[in-house]
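Below is one structure; the comments refer to it alone.
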Amino acid sequence: MTKEYNHSKIEKMWQHEWEKHEIYKTEEGGDKPKCYILDMFPFPSGEGLHVGHPKGYIASDIYSRFKKMNGYNILHPMGWDAFGLPAEQYAIKNKIHPRVAVEKNVARFKEQLSNIGFNYDWEREINTTDTKYYKWTQWIFLKMLEKGLAYESFEPVNWCPSCQTGLANEDLDGNSCERCGTTVEKKPMRQWVLRITDYADRLIEDLDSLNWPNHVKEAQRNWIGRSEGAELEFTTTNESSFKVFTTRPDTLFGATYVVLSPEHKLIDEWKRDIRNWNDVEAYREEVKKKTEIERTAEGKEKTGVKLEGIFAVNPVNKEELPIFIADYVLAHYGTGAIMAVPAHDERDLAFAKKFDIPIKTVIEPITGEKRENEEFRKSIVAVVHNTMNDTFLSINWGEKLGGNLFVGGGREGDEDSIACALREIEEETGYKNLKFISSSEKIHHHYIAHSKGVNREIEAIGLYFELIDNDTVSTQHEDDEKGKFTVEWITREDVRNKVKDELHSLVFSRLVNNDVYSGPGIMKDSGEFSGLTSDEAKKSITEFAGGKLKTTYKLRDWVFSRQRYWGEPIPVIHCENCGVVPVPEKDLPVKLPDVDSYEPSGTGESPLANIHSWVDVKCPKCNGNAKRETNTMPNWAGSSWYYLRYIDPRNQNAPVDKEKEKYWSPVDVYVGGDHATRHLIYARFWHKFLFDIGVVNYSEPFKRLEFLGNILAEDGRKMSKRWGNVINPDDIVNLYGADTLRVYEMFMGPFDQTSTWSTESIIGPRRFLEKVWKISDKVGECELSNKLETLYNQTIKKVGEDIEDFKFNTVISKMMILLNEFEKEEKIPVAIFEGYLKLLAPLAPHITDELWHELGHNTFIYNEAWPTYDESKISSEMMTIGVQVNGKLRATFEVARNGSEESIKEYAMTIPEVSKWTDGKEVKKIIYVKGKLVSIVV
RNA sequence: GCCCAGGUGGCGGAAUUGGUAUACGCGCUAGUCUUAGGAACUAGUGGAGCAAUCCUUGGAGGUUCGAGUCCUCUCCUGGGCACCA
């Protein structure tokens, strides 16, 4: 054809053709399998799309075209997440109504998207601000209210003074508003809250069934933060009581004080019993002033005040324990109070040291694993420290016998452990002038004594000495140890790297580093529970103390009201007589009133509160005077169920038809980035609720998640108007074409990885498409060479597998390799080139449809079947064998695939580059790896 | 501090899961064409060395005939959580 590759002309033309023939209309029914491919729908901001936005849409577009050509009914819709603060702020700034702004921005976004040639079925387009849509968002809220999952709360809420609204925990970045960066305040006000914590367990458990990236699942587990423990009740000497939450009820006998968070309610009740009330009040004031950042930024430096005059009573032994208030205990986690066990908790230890509180050890560590038929022994482990050069006395047994250890040895009967250690040190190393520093608790160590072939349990005591001087006596090694070890002085770094034995490194950590032992062990000084393992004791001590086992979460209930205009009105009426009355279902949707001023009132009330014509209503129950709820929903509401609406976007009677939902759900592949702990948790929560009330058929909405890595600007920063580094996809489409943009974005690197835009590199994909364009001149009737046939079959296989796995960069590379092969051929068989176009079609739909028609077809390539490959043609008749001598590659040769192992080995030895390295040497071994290489060992 | 990803040429990145490291693309070098610039095409391109050859996947050890891939330790980068009892 030799005409020019004019991308602008052909891309516009084909986009019109596709639209005219409605080829992207979703088909349903028949016996085809379904595939639901979903993009995270965008928020249509005033800035328009930058080149980072379409990355995910390109991927889902390619995937869905691929699935379509493989015989699936596909659902691939798009819509707009248009409620929320950013839209409102944009509107205020530009002095237009948010609805008008949204309409305008949506039009712009849609235009930009359509330039890239996506296969969305626009008949299913949805918009969260559409009254017909948010009717059902409100309906879901009413269902939650009905089931007791939505409730009013008066707890202080995170208030952003700049955005003028309360926020959910998920909307915070540390202690700042995630949107504007302003530090949030705690503000007491009435809130609507959703009981997401009721679903915490299921949200964690069902993660296992999802094909999601590990880091997203992990982020969710982390965010939900389940921890299992016990709730225990402590009485006090002023005849009050409080509960604590602990994950270590087994350490209860080791509690030496208790701590309440400074905000704890009981403190005010106890006012007259607290003798140092002034100090207490001063401390609480001080804490109140500190932001959470300050509280944590001070690191481990603990502060607090003792409550004079009151003691807590340990429920297991009736010991009276001092009570402190301290800000290291958080009001909103657990019960806002803890029992402190400095011996087995790092934070408690830091506090106890500062306030001179006793430390009581109740756990003897266990290391190693218990085995059958253990021999029991007592022993010591002695760490000797040379403080002159900060080194430690070590015995090196060599790699096979356990590497570096400290001095160890058996202890007879009731032998004093210090005397025993001194004796062992002198016998094995000769050093005799030592100063005893400290000793550890008993440590129970299980191991296999390989030299003797027996399992052992030893009860070890760690001892710590300082070297006084270098005087030594001659050593007296036991016969069986003679000459097997060397004595060394090793540095702290060596201790870390070389002392691998669990027991010996634990002794070092306890005695030299003074680390807290917070692991499992054997109970001691714990009354009748002494001798049990800590795991066994957890439950029994909890019961004995009258407590109960309990699970606690970091996840908080979802603060669901916003004091802003541009959101779904919460469909509730406050009646003077009846209290909270849900808006009857028949009255939905509760529409946002059209008003001139929708700016925040500044009083902490929603701007809707001032619109009396809207607010004042009659109670649906008693017809008395009532007012509408004026708070609106957060922007996460509409996005928590939108994927269901695409299935049945015009349904007037339900959010979604259950039969249709059964066919299309769950989403097979969900493509998007960010939102690991907000949208993706909220949507799972709503979905499970809808499942519970019978609206949907499955308990999880998104079967597989492909998490995309963002595209950074060329300067390595995020693309933003603020930095002036935004690249508009329209410009790229104009200059290089939509197909080039699509191929480039997929070729940049692994899909889930962050990548940097490069204006320089985009020429590669453009050249690639130009070559495809030109090569079509060579297509004609001709013989198919063996080489090309093999490569073609390999390409079909690789491209199909890699699209399925979202590995688009290697798909493109494989297509380039085949194209390079085409260039070497005189002519390319028509059937092969047609197959090539089909493989390329999902990536570059415009150019392939053009060339497809040039070849004389009048169908759309989108409706063609995906090429199949012939397994027997995947491997060529010849194979290339590498020859290694002592692991180094020395030669390669070609041989027929059916060559025998013997002949290949023999031939390999005769190659000059090989014999050069083997001549005059004894060949010890020849290894043949089938079809790969020959490895010769000399 | 804890958890999760990663570290491979000048750059973006491949590597069939233990078997010929650096595929593919960008860039660069030389040549052809062009009035010139650009574009296109051809050849070359990990590093050192005149060569034979040696070195090379953040670093140090180990297992193996053979390690980017497995094991142990360690350093660095990105992301999430962070006084969560």
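Remember, predicted model here, so these are calculated numbers, not experimental data. Here is how names work: the chains are called A, B, and so on, in the same order as the sequence lines, proteins then strands, and each is numbered from 1.
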> Among pairs that include at least one residue of residues 742-752 of chain A, which meet side chain to side chain donor-acceptor pair (under 3.5 Å), considering only residues two or more places apart or in two chains?
Replying inline: A:Asp61-A:Arg742
> How is A:Glu770 classified with respect to the nucleic acid when contacts are heavy atoms under 4.0 Å: base, sugar-phosphate, or nothing?
Replying inline: nothing
> In terms of side-chain heavy atoms of A:Asn214, which of B:A5, B:U53, B:U20 is nearest?
Replying inline: B:A5
>> Distance check needed: B:A82 P versus A:Glu170 CD, whole Å only.
In response: 11 Å
> So what's B:G6 paired with, Watson-Crick or G-U wobble, going by both distances under 3.5 Å?
Replying inline: B:C76
> If you find the nucleotide of RNA chain B closest to A:Arg248 and the one closest to A:Met748, which residue's nucleotide is nearer the 5' end?
Replying inline: A:Met748
>> When you measure from the centre of the six-membered ring of A:Phe324, is the NZ or CZ of A:Lys302 closer than 6.0 Å and no more than 45° off the axis?
In response: no
> With distance as the sole criterion, do the side chain of A:Lys302 and the base of B:C83 form a donor-acceptor contact below 3.5 Å?
Replying inline: yes
>> Give me the distance, rounded to whole Å, that separates B:A14 from B:C24 when you measure between the P atoms they each carry.
In response: 14 Å
> Using the C1' atom in both, what is the distance from B:G10 to B:G47, to the nearest Å?
Replying inline: 12 Å
> Quick one: is B:C41 close enough that its OP1 or OP2 comes under 4.0 Å of any side-chain N or O from A:Arg767?
Replying inline: no
> Any idea if B:U17 is syn or anti, going by the 90°-from-0 cut?
Replying inline: syn
>> Return the NZ to CG distance between A:Lys217 and A:Leu210, rounded to the nearest 0.5 Å.
In response: 6.0 Å
> Once you round it to whole Å, what is the distance between C1' of B:A85 and CD of A:Glu231?
Replying inline: 13 Å
> If we call it a pair only when both distances are under 3.5 Å in a Watson-Crick or G-U wobble match, what pairs with B:U64?
Replying inline: none
>> Under 4.0 Å from OP1 or OP2 of B:A85: is there any side-chain N or O of A:Tyr328 that close?
In response: no
> Taking atom C1' of B:A82 as reference, at what distance in whole Å does atom CZ of A:Arg221 sit?
Replying inline: 19 Å
> Watson-Crick or G-U wobble partner for B:G1, using a 3.5 Å limit on both distances?
Replying inline: B:C81
> So, are A:Glu913 and A:Lys916 salt-bridged, with charged N and O less than 4.0 Å apart?
Replying inline: no
> For A:Ile927, which contact category applies under a 4.0 Å heavy-atom criterion: base, sugar-phosphate, or nothing?
Replying inline: base
> Among B:G27, B:C81, B:G19, which is the nearest nucleotide to the side chain of A:Ser935?
Replying inline: B:G19
> So, are A:Glu218 and A:Arg221 salt-bridged, with charged N and O less than 4.0 Å apart?
Replying inline: yes
> Where the side chain of A:Thr246 is concerned, which of B:G25, B:A85, B:G80 is the nearest nucleotide?
Replying inline: B:A85
>> Can you check the distance between B:G68 and B:C3, where both ends of the measurement are the P atom (answer in whole Å)?
In response: 28 Å
> Of all the nucleotides listed (B:C26, B:G19, B:A14), which has the minimum atom distance to the side chain of A:Thr810?
Replying inline: B:A14
>> Both A:Thr677 and A:His215 contact RNA chain B. Taking the nearest nucleotide for each, which residue is further toward the 5' end?
In response: A:His215
>> Can you check the distance between B:C4 and B:C71, where both ends of the measurement are the P atom (answer in whole Å)?
In response: 14 Å
> Is the glycosidic torsion of B:G46 within 90° of 0, making it syn, or is it anti?
Replying inline: anti
> What integer distance in Å separates A:Asn820:CG from B:C24:P?
Replying inline: 7 Å
>> So that I can tick it off, tell me whether A:Lys797 and A:Asp870 are bridged by a salt bridge, with the cut-off set at under 4.0 angstrom between side-chain N and carboxylate O.
In response: no
>> I want to verify a distance call: between B:A85, B:G19, B:C54, whose nearest atom is closest to the A:Arg890 side chain?
In response: B:C54
> For atom P, what is the distance between B:A67 and B:U20, given to the nearest Å?
Replying inline: 12 Å
> When the distance from CG of A:Leu889 to P of B:A67 is rounded to whole Å, what number comes out?
Replying inline: 13 Å
> Looking at B:C24, B:A40, B:G13, which one has an atom nearest to any side-chain atom of A:Ile817?
Replying inline: B:C24
>> Can you tell me if A:Lys916 touches the phosphate of B:U53, counting only side-chain N or O atoms and a distance under 4.0 Å to OP1 or OP2?
In response: yes
> Hey, does A:Gly764 reach any base, or is it just sugar-phosphate, or nothing, if we go heavy atoms under 4.0 Å?
Replying inline: sugar-phosphate
> Contact class for A:Thr880 vs. all strands (heavy atom < 4.0 Å): base, sugar-phosphate, or nothing?
Replying inline: base
> Quick one: A:Ile762 CD1 to B:C11 P, roughly how many Å, whole number?
Replying inline: 21 Å
>> Quick check on B:A14: is either OP1 or OP2 less than 4.0 Å from any side-chain nitrogen or oxygen of A:Asn809?
In response: yes
> For A:Pro750, which contact category applies under a 4.0 Å heavy-atom criterion: base, sugar-phosphate, or nothing?
Replying inline: sugar-phosphate
> Donor-acceptor pair, A:Gln220 side chain versus A:Ala676 backbone, under 3.5 Å?
Replying inline: yes
> What interatomic distance, in whole Å, is found between C1' of B:A51 and the corresponding atom of B:A43?
Replying inline: 24 Å
> Once you round it to whole Å, what is the distance between P of B:G13 and CG of A:Asp752?
Replying inline: 11 Å
> What's the closest nucleotide to the A:Ser813 side chain, out of B:C54, B:A23, B:C4?
Replying inline: B:A23
> Picking from B:A52, B:C26, B:A85, which would you name as closest to the side chain of A:Asp345?
Replying inline: B:A85
> In the structure shown, which nucleotide is the Watson-Crick or G-U wobble counterpart of B:G27, with both distances under 3.5 Å?
Replying inline: B:U45
> In terms of the angle between their ring planes, are A:Phe355 and A:Phe351 parallel, tilted or perpendicular, with boundaries placed at 30° and 60°?
Replying inline: parallel
> Between B:G18 atom P and A:Lys930 atom NZ, what is the distance in whole Å?
Replying inline: 19 Å
>> Can you identify which nucleotide, out of B:A40, B:G19, B:C81, has its nearest atom closest to the A:Lys554 side chain?
In response: B:C81
> Considering Watson-Crick and G-U wobble pairs with both distances under 3.5 Å, what does B:U35 pair with?
Replying inline: none
> Which one is paired to B:U20, where only Watson-Crick or G-U wobble pairs with both distances under 3.5 angstrom count?
Replying inline: none
> Now, which nucleotide makes the Watson-Crick or G-U wobble pair with B:C50, with each of the two distances under 3.5 Å?
Replying inline: none
> Which of the following nucleotides, B:C55, B:C65, B:C81, is nearest to the side chain of A:Lys888?
Replying inline: B:C55
>> In whole Å, measure the gap between the P atoms of B:G9 and B:A48 for me.
In response: 14 Å
>> Mind checking if A:Gln884 touches a base, just sugar-phosphate, or nothing, with heavy atoms under 4.0 Å?
In response: base
> Between B:G12 and B:U64, how far is it from one P atom to the other, in whole Å?
Replying inline: 36 Å
>> Just by distance, no angles: are the side chains of A:Asn169 and A:Asn158 close enough, under 3.5 Å, to form a donor-acceptor pair?
In response: yes
> Does the side chain of A:Tyr283 come under 3.5 Å of the side chain of A:Thr303 through a donor N or O and an acceptor N or O?
Replying inline: yes
